[in-house]
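Just below is one structure, and these are the notes that go with it.
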Amino acid sequence: MHHSETQHTGGAFCFANRILIHYRNGSFTEVGIDVSILKNVYDRVSIFTDLQIPCEPVHRPDFNLIRLSLLPMIEEANRFLPTAEPEKGWDNLQAKLRTANRMLRLSDEQDDMLMLTLAKMFDFKLDVKQYKWTDKKQAKAISERFHDWQITVLFPFLQSWREYLYPKVIQFVLPALEYCRERRLQAGKLNFQDLLMYACRLLRDYPEVRAFFAGRYQRLMVDEFQDTDPVQAEMMFLLTGAGDDPNERNWRKLTPKPGSLFVVGDPKQSIYRFRRADISIYNEVKSRIQACGDVLHLTSNFRSVDAIGAFVNGQFVGKLPVRETDVQAAYVRMETNIPNPKGNKRADHGVYALTYPKISGGKEEVAAVDAQRIAATIAWACRDGNLLIQERDGASWVFREARPNDFLILTRTRHYLHLYAEELEKRGVAAETVGSSALYPELHTLGQLALYLADPSDQVAMLSVLRGPLFGISDKELMEYRAQGNAWSIYRLPEESAEQGSQVVAACRKLREYADWVKEMPAWSALYCILEDTGLLPYSTVQEAGANRSGTLLKMLERLQRDAMLASDWHELAHAISAIRESQGMETASLYTGKGQAVRIMNVHKAKGLEAPIVFLACPCGEKDHDADQFVDRSEAEAAGYFLIQQSKGFQKDTIAQPVGWEAMSVRERAFMLAERDRLLYVAATRAKQMLVVSLYPEQPAKCPWSSLMDGMELIRELDVPESDVQTDEYDRELDGDIVIGTTSSGLSGSEASSIDLGAYLAQREQVFHQLRQPTYAESTVTGLTKSMSDTPEWSATGRGQSFGSVIHKGLEAVGKGLPMSELPVYVQYLCQTEGVSEKDAGDALSTLREVLESELWQRSIQAKQRLFEIPIMMVQSNGETMSYPATEQTMSETAAAALKYQTDNGGHILVKGVIDFAFEEEDGWVIVDFKTDQLDESKLEQFVRFYAPQVQAYAKAWSETFGYRMKEAGLYFSSLQKYVILGRPVV
């Protein structure tokens with residue numbers, strides 16, 4: 001059993017199956033619940049597997065409440081609707097009445113779903129412009145009547161309907177969660193929540209296990225307890241507690257043994273309620289420990305200077321209550337122990353503001369301006385000792401020049417973190433981000449290419465790649481190429497004599513080379529080779545924000561490599577890159593990450609436990625105030641969870657379903673949310689050692705996350721941002737000087753360097769490159785090596801060629817991977833067109849495929865444990881090893897032939913490549929099959945078997961000896977004879 005980070009392994013399959021079943025039964029389509037809503041509920045509920053989710057059925061509301069009240073009101077209002085549209089258009093109520101009239105004319109008013117649609121349509125503010133009605137007095141009366149109806153009938157009815165739907169949706173999702181759990185267990189995988197739940201269950205349900213670990217760990221110390229979730233708290237009491245009953249399963253009835261439990265935590269820093277770190281659990285555990293032990297209050301701060309301590313005390317004395325409550329920690333005065341810097345004006349300290357006037361362009365422009373000013377300040381501070389940092393040296397305090405790693409930039413959210421890193425990089429300051437997401441052009445370009453190589457027959461994708469940054473071919477060139485009668489296929493290119501100077505042909509040949517790599521290599525290896533060949537990585541490095549762009553590209557490579565499925569299967573890898581493109585990109589990374597000399601940039605949730613001499617509370621925009629959408633009640637022995645189910649509609653959300661009593665739950669949860677928002681400000685304000693800078697946007701204080709932190713601080717000092725940026729002429733000259741010195745030989749002055757013979761240097765450089773270009777390995781193919789072992793058989797003059805075989809192979813692979821049989825004819829027709837199969841042979845392709853699919857071999861494979869298609873393999877063979885097939889210059893590729901002598905002399909390696917057509921695993925081992933579409937008669941079968949057998953035997957040997965899989969049999973399937981021949985047995 002191993003730990004897996006995948007939360008929903010297997011759940012997606014169950015979820016999809018249940019959707020199909022319910023939609024066939026009409027249980028969700030009839031009530032207007034979209035599939036995406038169900039998937040969203042599944043994702044949310046799966047995070048809280050430790051909770052019970054009550055979902056008792058609720059009676060269906062009476063639709064006559066709407067039918068008998070709304071329809072007469074519509075009929076009455078229609079009497080005063082003008083026959084022609086008013087000069088400035090219909091008012092809100094008129095427009096809805098007209099829509100309702102059309103719906104009623106076209107539908108049956110006894111249809112409950114029609115009544116639901118009408119009810120939702122009138123669930124808005126119904127503005128009435130009296131002058132647009134035929135009778136102003138009646139218009140006013142109609143408006144009042146609809147308003148009263150909304151309050152007394154409509155709103156209660158819609159609430160009842162949402163409460164009716166809630167248990168249905170939850171009951172739909174819960175089996176998928178259970179199936180997901182079962183699939184993880186079957187696969188031998190556990191996610192992090194599983195690790196907690198199973199460990200806790202082991203301690204709770206098995207007293208002997210609990211006694212063993214309690215005896216082994218007699219002293220338990222828990223740090224950062226405010227971040228501990230309830231399951232961990234339960235484990236803590238199970239390990240240290242004792243009760244009247246040694247088999248007691250309820251942790252709340254256990255009391256820690258004297259000296260067994262030591263807990264450290266700061267409730268003012270409890271900011272992870274969204275991931276189950278509940279302050280109510282903290283308070284409960286604290287009170288239980290207080291009843292049987294001691295609680296010590298620590299108030300000393302050994303991080304911040306006195307000026308910052310005074311600011312924090314002054315700002316939070318009114319925000320936090322005198323005594324702790326269910327939702328909030330109590331105020332505790334901070335006692336700082338670091339003096340303010342003295343004796344040097346460059347050692348700025350205390351709290352400053354960066355205040356912005358109104359900025360046009362929206363929140364992204366506000367963030368961009370803020371990033372520019374902060375980056376300019378940091379760049380200035382790190383040069384020429386402009387800012388000094390106070391440090392302790394024994395019993396005294398000393399000053400040193402500021403460095404990039406002295407600065408920490410914190411934002412409320414992660415949306416604009418990359419802007420700060422990019423602005424710093426422009427100024428030559430190293431920066432690393434944590435949790436930022438961005439979609440850089442290189443990721444988009446690579447995603448385009450990956451999707452095309454996954455399906456080279458996709459002409460639209462091909463044109464997208466040709467026009468993209470990799471090749472940059474103009475529309476004019478593409479049109480000329482097509483006008484010459486050329487096809488959009490990398491496998492059907494013009495003759496060499498006709499392609500002189502054609503950029504399109506050159507690009508297509510390069511794409512074909514990439515496609516060959518994808519077939520021959522594991523997916524990740526092919527991707528790495530493509531990245532090297534295209535130069536995307538060095539290209540991204542020299543672009544603006546290059547350190548982050550190239551670092552993010554490398555991070556994506558690392559992430560893809562860690563997943564065995566993605567690293568081995570190109571289709572999976574391509575879809576993974578595509579998913580990154582379709583989302584907000586991926587978490588950025590810098591080339592400087594981990595070097596310890598960079599400005600750190602992150603959101604406040606990532607900064608817990610961190611500190612820095614200078615902290616910027618940045619990005620004074622983007623704050624959102626929203627109502628609660630879930631409530632967790634841990635006041636009872638068994639915690640319960642409740643969820644508001646919504647669907648986004650533009651910038652608003654439409655409530656689809658809600659639990660009974662949600663209004664009270666929402667108020668309760670909002671109290672937790674507002675309290676945690678204040679604690680988040682406390683965490684942000686206490687990260688700084690010497691200087692805290694707060695960005696403010698008074699134009700929109702509600703959207704600035706730091707506004708409430710600065711209440712009453714109107715006279716705070718404004719930070720002076722240097723007018724001149726770091727890119728001064730003097731700075732450029734310094735860089736130029738570094739470049740000149742760096743390019744001369746060690747120990748040479750500038751004048752000595754200028755006298756160097758450039759021609760001799762370039763000749764020596766070319767000689768070094770020539771040596772580096774010499775191959776260190778040779779390449780060959782299994783097919784090329786093995787075919788030399790037997791006499792070439794006599795092929796039929798009516799053979800169909802390799803393109804026909806390619807159609808058969810791709811068709812079998814598509815069906816094996818799930819292509820419905822109903823779609824096979826169209827797919828085969830498409831393959832024949834792209835592969836250039838003649839019309840005569842195209843008619844036989846579909847029948848050949850159907851014969852293979854109906855064969856005993858294929859039916860046998862359907863019952864197998866797993867099936868694989870078109871598997872690229874590569875074997876490394878040292879020159880000293882004995883080969884089971886001869887490696888001669890005639891049988892090797894051109895590259896291998898040219899390098900063969902070099903390999904022999906230098907003891908190098910030969911890379912033998914191949915592609916296994918078909919393999920499937922049965923209970924007693926693997927079966928490897930090679931499909932052959934040669935036209936032959938029965939009398940020549942044995943001759944063809946002898947010719948092809950070494951190739952399949954080589955695959956079988958590699959499968960067994962190189963990869964360690966148990967082989968059962970290897971064989972050849974001849975489609976023209978509909979015969980499967982098992983190698984090693986007589987041919988009959």
Donor + acceptor pair across side chains of Thr355, Glu718 (<3.5 Å): yes

Side-chain donor/acceptor of Arg219 to backbone N/O of Leu261, under 3.5 Å: no

Main-chain N/O of Trp662 paired with Ser666 side-chain donor or acceptor, under 3.5 Å: no

Distance (rounded to the nearest 0.5 Å) between Arg44 CZ and Ile53 CD1: 10.0 Å

pair Val263-Asp223: side-chain heavy atoms closer than 4.5 Å: no

Separation between CZ of Phe616 and OH of Tyr420, rounded to the nearest 0.5 Å: 10.5 Å

Backbone N/O of Arg403 and side chain of Asp406: donor-acceptor pair under 3.5 Å: yes

Gln159/Glu663 under side chain to side chain contact (heavy atoms under 4.5 Å, CB included): CA gap, chis, key distance, verdict: CA-CA 10 Å; Gln159 177 178 322; Glu663 290 78 7; 2.9 Å; yes

Backbone N/O of Ile271 and side chain of His605: donor-acceptor pair under 3.5 Å: yes

Main-chain N/O of Leu254 paired with Arg288 side-chain donor or acceptor, under 3.5 Å: yes

Between CD1 on residue Ile281 and CG on residue Asn283, distance to nearest 0.5 Å: 9.5 Å

Non-hydrogen atoms of Pro341 and Gln390 that approach each other most closely: CA-OE1, 3.1 Å

Cationic N near anionic O, under 4.0 Å, Lys286 to Glu324: yes

Pair Glu669 + Arg273: basic N to acidic O under 4.0 Å: yes

Minimum heavy-atom distance between Leu424 and Ala431, given as atom pair plus value: CD1-CB, 3.7 Å

Modelled atom types, side-chain donor and acceptor of Gln328 and Arg679, under 3.5 Å: yes

For Glu163 against Val660, the heavy-atom pair lying closest together: OE2-CA, 3.8 Å

Asn603 and Thr413: side chain donor to acceptor below 3.5 Å: no

Evaluation steps, side chain to side chain contact (heavy atoms under 4.5 Å, CB included), between Val615 and Val693: CA-CA 6 Å; Val615 172; Val693 183; over 6 Å; no

Test item: Glu432 and Val599 side chains (from C-beta on) under 4.5 Å apart, heavy atoms: no

Non-hydrogen atoms of Cys619 and Trp706 that approach each other most closely: O-NE1, 4.2 Å

Tyr642-Asp633 side chain donor-acceptor pair, cut-off 3.5 Å: no

Between Glu234 and Gln232, a side-chain donor and acceptor under 3.5 Å: no

Stepwise side chain to side chain contact (heavy atoms under 4.5 Å, CB included) check, Thr336 with Val305: CA-CA 7 Å; Thr336 53; Val305 298; over 6 Å; no

Atom NZ of Lys606: over 12 foreign heavy atoms under 6.0 Å: no

Asn340 side-chain N/O to Asp306 backbone N/O, donor-acceptor pair under 3.5 Å: yes

Whether Ser260 side chain and Pro256 backbone form a donor-acceptor pair below 3.5 Å: no

Ring centres under 6.0 angstrom apart (Phe316, Tyr331): no

Shortest non-hydrogen contact between Val41 and Val173, atoms and distance: CG1-CG2, 3.9 Å

Minimum side-chain heavy-atom gap Asp50-Met197 below 4.5 Å: yes

From CH2 (Trp251) to CG (Leu239), nearest 0.5 Å: 13.5 Å

Cationic N near anionic O, under 4.0 Å, Arg687 to Glu611: no

More than 12 heavy atoms of other groups within 6.0 Å of Asn344 CG: yes

Verdict with supporting geometry, Asp227 and Glu224, side chain to side chain contact (heavy atoms under 4.5 Å, CB included): CA-CA 6 Å; Asp227 301 332; Glu224 300 289 355; 3.9 Å; yes

Exam field: side chain Thr325 to backbone Val327, donor-acceptor pair closer than 3.5 Å: yes

Exceeds 12 heavy-atom contacts within 6.0 angstrom, atom NZ of Lys257: yes

Leu410 and Met602, any side-chain heavy atoms less than 4.5 Å apart: yes

Validation row: Glu391, Trp397 side chains within 4.5 angstrom (heavy atoms): no

Any side-chain heavy-atom pair of Tyr356 and Val366 under 4.5 Å: no

Approximate separation, where rounding is to 0.5 Å, of Gln150 CD and Asp123 CG: 7.0 Å

Neighbour count above 12 (heavy atom, 6.0 Å) for Arg392 CZ: yes

Salt bridge present between Lys608 and Asp266 (N-O < 4.0 angstrom): no

Separation of Thr49 OG1 from Asp194 CG (nearest 0.5 Å): 6.5 Å

Check: Asn301 side chain, Thr299 main-chain N or O, donor-acceptor pair, under 3.5 Å: no

Over all atoms of both residues, closest heavy-atom pair of Ser707 and Pro701: OG-O, 2.8 Å

Salt-bridge contact Arg634-Glu284 (side-chain N to carboxylate O under 4.0 Å): no

Side chains of Val694 and Leu354 in contact at under 4.5 Å (non-hydrogen atoms): no

Side chain to side chain, Val632 and Phe672, heavy atoms closer than 4.5 Å: no

Phe407 six-ring face occupied by Arg600 cation (under 6.0 Å, within 45°): no

Note: Asp711-Lys319 ion pair, threshold 4.0 Å (strictly below): yes

Verdict with supporting geometry, Lys363 and Glu365, salt bridge (Lys or Arg N to Asp or Glu O under 4.0 Å): CA-CA 5 Å; Lys363 58 185 178 181; Glu365 186 60 26; over 6 Å; no

Pair Asp625 + Arg677, salt bridge at N-O below 4.0 Å: yes

Short side-chain to backbone donor-acceptor contact, Ser46 and Asp43, under 3.5 Å: yes

Residue pair Asp370 / Ser695, side-chain donor-acceptor N/O under 3.5 Å: yes

